[in-house]
Amino acid sequence: MTPLSRRTALGLLAATAVAPTARAEPLFLNGLGHAIGGYDPVAYFELEEATRGTLDHELLTEEGTWLFSRIEYLELIEANPVKYTPQIG
């Protein structure tokens with residue numbers, strides 16, 4: 001796993017503070033603790049299809065680990081977690 005840059009670490013803190021606490025329903029975790037079964041939540045909006053994330057682009061939260069297919073998608077959710085966090089329920 002690659003060490004986090006200061007920018008990424010600060011982004012993780014910001015995303016963790018906003019996105020996970022707004023959820024009313026429990027978050028689906030697979031057996032490895034990956035949120036929404038390891039799928040990329042931003043790719044669904046950007047590509048309009050379900051896309052598996054990779055361990056190269058992960059966001060750790062209290063609820064689990066979010067995986068992303070591209071670093072750009074990780075950066076998008078860090079910048080606007082309310083827009084890209086799935087609304088379950």
Side-chain angles (χ1 to χ4, degrees):
M1 193 153 89
T2 308
L4 296 178
S5 69
R6 181 177 178 192
R7 179 177 172 249
T8 301
L10 292 173
L12 293 174
L13 290 173
T16 302
V18 177
T21 57
R23 186 175 321 283
E25 296 291 322
L27 180 67
F28 172 74
L29 300 176
N30 66 11
L32 300 172
H34 298 147
I36 61 174
Y39 284 90
D40 182 333
V42 177
Y44 180 78
F45 292 99
E46 297 295 314
L47 303 175
E48 298 182 356
E49 64 182 41
T51 305
R52 288 258 184 212
T54 71
L55 293 173
D56 294 330
H57 312 299
E58 62 182 15
L59 174 65
L60 305 173
T61 69
E62 290 179 6
E63 292 184 327
T65 302
W66 296 83
L67 301 181
F68 299 88
S69 57
R70 300 178 179 180
I71 190 68
E72 297 87 1
Y73 294 165
L74 172 59
E75 291 169 349
L76 282 173
I77 204 166
E78 288 176 333
N80 193 349
V82 173
K83 177 178 181 181
Y84 292 107
T85 300
Q87 300 300 312
I88 300 171

Distance in Å, [X] [atom1] paired with [Y] [atom2], rounded so as to fall on 0.5 Å steps:
X: Arg70; Y: Leu76; atom1: CZ; atom2: CG; result: 10.5 Å
X: Thr51; Y: Asp40; atom1: OG1; atom2: CG; result: 6.5 Å
X: Ser69; Y: Arg52; atom1: OG; atom2: CZ; result: 12.0 Å
X: Leu74; Y: His57; atom1: CG; atom2: NE2; result: 8.0 Å

Exercise. List in chain and number order the residues that pass ring-ring contact (aromatic ring centres under 6.0 Å, His included) with Tyr84, two or more places apart in sequence or in another chain; answer none if no residue qualifies.
Key: Phe45
Exercise. Check step by step if side-chain contact (heavy atoms from CB on, under 4.5 Å) holds for Ile77 and Leu59.
Key: CA-CA 9 Å; Ile77 204 166; Leu59 174 65; 4.1 Å; yes
Taking the side chain as everything from C-beta on, heavy atoms only, tell me whether [X] gets closer than 4.5 Å to [Y].
X: Pro41; Y: Tyr73; answer: no
X: Tyr44; Y: Glu49; answer: no
X: Asn80; Y: Glu75; answer: no

Self-check item: Verdict with reasoning, Trp66 to Glu58, per side-chain contact (heavy atoms from CB on, under 4.5 Å)
Solution: CA-CA 6 Å; Trp66 296 83; Glu58 62 182 15; over 6 Å; no
Quiz item: Are Ile71 and Val42 connected in the hydrophobic side-chain network, where two residues link if heavy atoms are under 4.5 Å apart?
Solution: yes
Quiz item: Nearest heavy-atom pair of Thr54 and Leu67: which atoms, and what distance?
Solution: O-CD2, 3.6 Å
